[in-house]
Amino acid sequence: MRAMKGFSLRSWSAVGVLSVALTVLLSQAAAAETRSYVVSWFHLATYSQEGDCKAINPLPEDQIRINLRMVGKTDPEIDELLKTYNGGASGNEMTNLLVNRGRINGQPVNVYSNPTSQPDPKMNTLIGKHVIGFDLDGKVAKGHSFEDPFTHEKGVDNQLAVAFGCWVGMRGTPPSRPSWGQYVWENLQENMPAWLMTLSGEDLSKDGPITVTFDRALEHASRDVNGNILVDTAFRLDPDQRSHNEFKGTIKNGSLTVEPGRFHMLADFFLITKYDFTNTHIRLDIKPTGLEGYLGGYLEWLPFYWNFANPGYTIEGMTGVDIPGLFYNLQKLADANPDPKTGFNSSISATFRLEAVPAFIVQSGAQAKN
Amino acid sequence: MHEKGLFMWSKCAKPGALALVGMLSGAVVEGPLVAVAAEAAMPANATPALKRLTADQFRNAIEDIFGPTIRIGGRLDSDVRKDGLLAVGSSTISVTATGLERYDTISHAIATQVVDEKNRETLFGCKPVNVTAPDEHCAREFLSQVGRLLYRRSLTKEELDTRVQLAGEAAQTLSNFYSGVAMSLAGMLSSPNMLFRQLETEPDPAKSGKYRLTGYSKASQLSFFLWNSAPDPALLSAAGKGELHTDKGLKQQLGRMLNSPRLEQGVRAFFVDMLQFDAFDTLSKDATLYPKFTAKVPAAAQEQTLRTIVDLLLTQEGDYRDLFTTPVTYLNRSLGALYGVPIVSDLPNGAPDVLQRHVYADGDARAGILMHASFLALHSHPGRSSPTLRGKAVREVFLCQKVPDPPGNVDFTVVQDVSNPLYNTARERLGAHATEPMCKGCHKIVDPIGLAMENFDAAAGYRTSEKNQRIDASGELDGVKYRDAVGLNKAVHDNPAATACAANRLISYATGAPVPRNSEAAKSILEAFSKNAFQWRPLLSAIVTSQLLFQAPVQPQAQQAQAADTSTRKDISGESK
């Protein structure tokens, strides 16, 4: 590691004030003030309300029963099979039945790899009025436009929340978090290097222009006594440019927004390989304790689907999300970038809740990987 | 019945004196061991005749003798602090009934590992002719060598014969030579000869009618003082040859020990004791208020301070006083987050969070060991800082000035109620509390010290305000006024009591007794400390050569007779003790 050359960044929050000389970091040279953060929460923004689903989708065991009936099992047979349920590990009869419940030419196939080998189960989707997000397309269209419950912006596009919104594990209303989101993010935190952010501007306590960056660290995030991300930890910046993102934006009344751009962050190869948003919008409140807000844009839904299909059997067992059902939901609700070959939209609007806490960032002497 | 290492205390006829008697669960194998703790019969500052090994000393001795692969599980009896040191308390404690059981269990566990197949090649110098039967020759060779290290002296012929006999009988019963040796070894490990350091005396040929410590007792004193462990074979050999009774022999061993890597272990042990790090065992912080005080922090905080001390005093051969101002320290990521200092590591994710050298900028309030979490957090409450506890600790730990405990009927409400809107800061709360006459006197001498550290919260995190009110960190120590913690550090650095305290504490640590008032020897040691720019090795050397370390314990008549007896006792090597 190269020595920190007056390059350390830190928040100006509780631990005291440290004037930061920032001379080299990326392109925001000569900023009078830079604050640095580690992302402490990033998952689909949910705003679940009573009555926003026609019905809540089945719980895991109910969904398993439905799927086993689909392959011709009787209820007594299913009761026997459920006695062998082993929580998601492979190898037993029930696992094989569920994994290979797809049919192509009458032959069993892996339903996660071949989601259309199962008929669309028509899983419930959100029908409420509110979703958290941004108006990405500038249109207030019928059918898939909503109102943001906090900004009251109309025409909000967050079809991913619509697609997921009626599964119990995907439901939550701030400040409570969806349990599946908690599971995914906590696992990502343990398994992937931390995500870092910087804000740079003349005076971040005042309105004005700002530069926002996202990068990966070389280190994983640490936890505090309460299991939250430890504040004021130091990280080395990963020079890998694949996860470097920079946005120009504005601070107004203590909140920042950015000019739309691309957001591409590597995550963890096992759970979520990467997040890749286009037309990215960001809205964050700048607080003494860190940043809180939302990041939204369009995701290519098929790569996103594979994140679920890969551990599909486990996810079905844990959450009840019917993986082929999710595929059909995503395909139907995708709302951008039509693919001329398939006739389907290839991208889906999505907004994620983003939180970050103060951290130090130091330069790594490692050579860029790309 | 075979010995199981059990022993017990029995009251001597002499009031206040306790005699330790080696026992078997059935048959005595070692005869009466002999020592007198003699609490009531002796002056408070007399050299104690008997000290129980601290838990660390027991572990260090086992590791030094058998190697680091031997695991020592379990928790040993806790140590007792007296006159500011556990080392002094160790001369007034015994072994509890449950502690005895633990020693017995641990001893058997250690012995089992020692004779384990994977360790035999290393630890046994011989092999039995038949592994399923007793082998007196091999048992005698092993037990005599190990026994000398465990008892810190050569075994008498009777002791060794008994041990060998026990090993043989057990081997016969268990049809295994090594199991037999393990039984005998376990008894030695939990024997009072192992668990207690007994200062034995002999007539001093240079001073008619006077007694001196035996060479082996001198070796133990030296080794536990400088290395916090049992003497190594070289030191025992010098002791056996009587070399520690000569200036030349003593200086030779002293020089060797001061330059040994094991000196660090000894220096660490002293500061762990002096700085009262045993209190970390029960330290807790409010998780809501101090979420950064993770489970890793207490160990890291202690290590930060010990590394800082070892670096300054041993590696740099620096001035003891600079411990209070040095900008050099050692931090890991956990401490970095707590202190607000960027610390990263080149090690892979998941690797231990190692400490690395860090130098604070000039004038940084974190300079000096008083600003480490090992002091600031340790001397605070779980949910709030305490200028009083911190000030008291500076007085007692670093200046050796006893601050009286508060009277039993004091009302602490004003100090404890941090939500009282009338008093936003600790200074204001203490100001209101100290108006009570019974409190005023003590607070006057401790609060101005502790208030200088108010920029550090109860977990050692930095802050500039409390309840939105800017913290006033000014104060005064013995007439020296300062604006903040930096000034306090310098005031302690320059306070003559700090160096006198360090020297006296170290003398007490070495002897196991408080330093007598107006001790000429202590004065000479302090002068030597000063003359040598307050360097640590010269101080250690001065204490050893002052002969305070080798002062014979005051001996009641009964023990004098015993001492005369041990002086003529021959060990198995034929060397006079």
Side-chain angles (χ1 to χ4, degrees), chain A residues 1-21 34 36-38 40 189-194 196 216-238 268 288-290 357-366, chain B residues 283-298 300 331-354 356-361 364-366 377 382-383 455-457 459-468 470-471 484-485:
Chain A
M1 187 183 74
R2 200 155 66 206
M4 293 178 287
K5 297 161 29 178
F7 185 70
S8 61
L9 312 176
R10 60 157 304 153
S11 83
W12 289 50
S13 63
V15 186
V17 176
L18 175 65
S19 178
V20 177
T34 296
S36 49
Y37 303 88
V38 56
S40 56
Q189 285 297 280
E190 294 302 318
N191 292 300
M192 72 177 194
L196 306 176
R216 286 224 304 185
L218 293 177
E219 293 84 8
H220 293 200
S222 302
R223 305 277 184 175
D224 69 18
V225 175
N226 303 309
N228 299 318
I229 298 301
L230 185 62
V231 177
D232 290 328
T233 316
F235 298 92
R236 288 172 298 164
L237 203 68
D238 185 344
D268 171 59
T289 52
V357 295
F360 293 103
I361 300 176
V362 298
Q363 189 181 30
S364 163
Chain B
L283 182 70
S284 66
K285 295 294 168 191
D286 186 310
T288 305
L289 297 173
Y290 308 110
K292 293 182 187 174
F293 202 85
T294 65
K296 293 178 181 172
V297 166
L331 303 176
N332 62 7
R333 292 186 80 208
S334 298
L335 289 174
L338 185 67
Y339 295 165
V341 175
I343 301 292
V344 293
S345 163
D346 284 338
L347 296 172
N349 283 299
D353 191 7
V354 296
Q356 49 194 279
R357 192 169 188 269
H358 178 79
V359 183
Y360 289 112
D364 194 303
R366 289 226 177 250
N455 283 127
F456 301 95
D457 63 29
Y462 188 78
R463 61 184 178 178
T464 55
S465 62
E466 184 178 6
K467 289 167 74 177
N468 296 321
R470 189 165 184 80
I471 289 170
D484 52 23

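- Between the CG atom in A:Leu218 and the CG atom in B:Asp346 there is a gap of 9.0 Å [rounded to 0.5 Å].
- Contact detail for A:Ala234 and B:Pro342: the closest heavy-atom pair is CB-CA, 3.5 Å.
- Without hydrogens or angle criteria, A:Asn226 side chain to B:Ala287 main chain gives a donor-acceptor distance under 3.5 Å.
- Of all non-hydrogen atoms in B:Thr294 and A:Leu230, the two that sit nearest each other are CG2-CD1, 4.4 Å.
- Stacking of B:Arg333 on the aromatic ring of A:Phe360 is not recorded, the 6.0 Å distance cut-off and the 45° axial limit not both being met.
- Using a 4.5 Å cut-off between heavy atoms, A:Thr233 touches chain B through backbone and side chain atoms alike.
- Distance check, rounded to the nearest 0.5 Å: CG of B:Asn349 to CE of A:Met192 gives 12.0 Å.
- Contact between A:Asp224 and B:Pro291 at its shortest, heavy atoms only, is CB-O, 3.0 Å.
- For A:Glu219, the side-chain hydrogen bond (donor to acceptor under 3.5 Å, both in side chains) partners are A:Arg236, not counting sequence neighbours.
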Chi angles and distances behind the side chain to side chain contact (heavy atoms under 4.5 Å, CB included) call for A:Val231, B:Lys292: CA-CA 7 Å; A:Val231 177; B:Lys292 293 182 187 174; 3.9 Å; yes
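- Under the side-chain hydrogen bond (donor to acceptor under 3.5 Å, both in side chains) criterion, B:Ser334 pairs with B:Asp353, not counting sequence neighbours.
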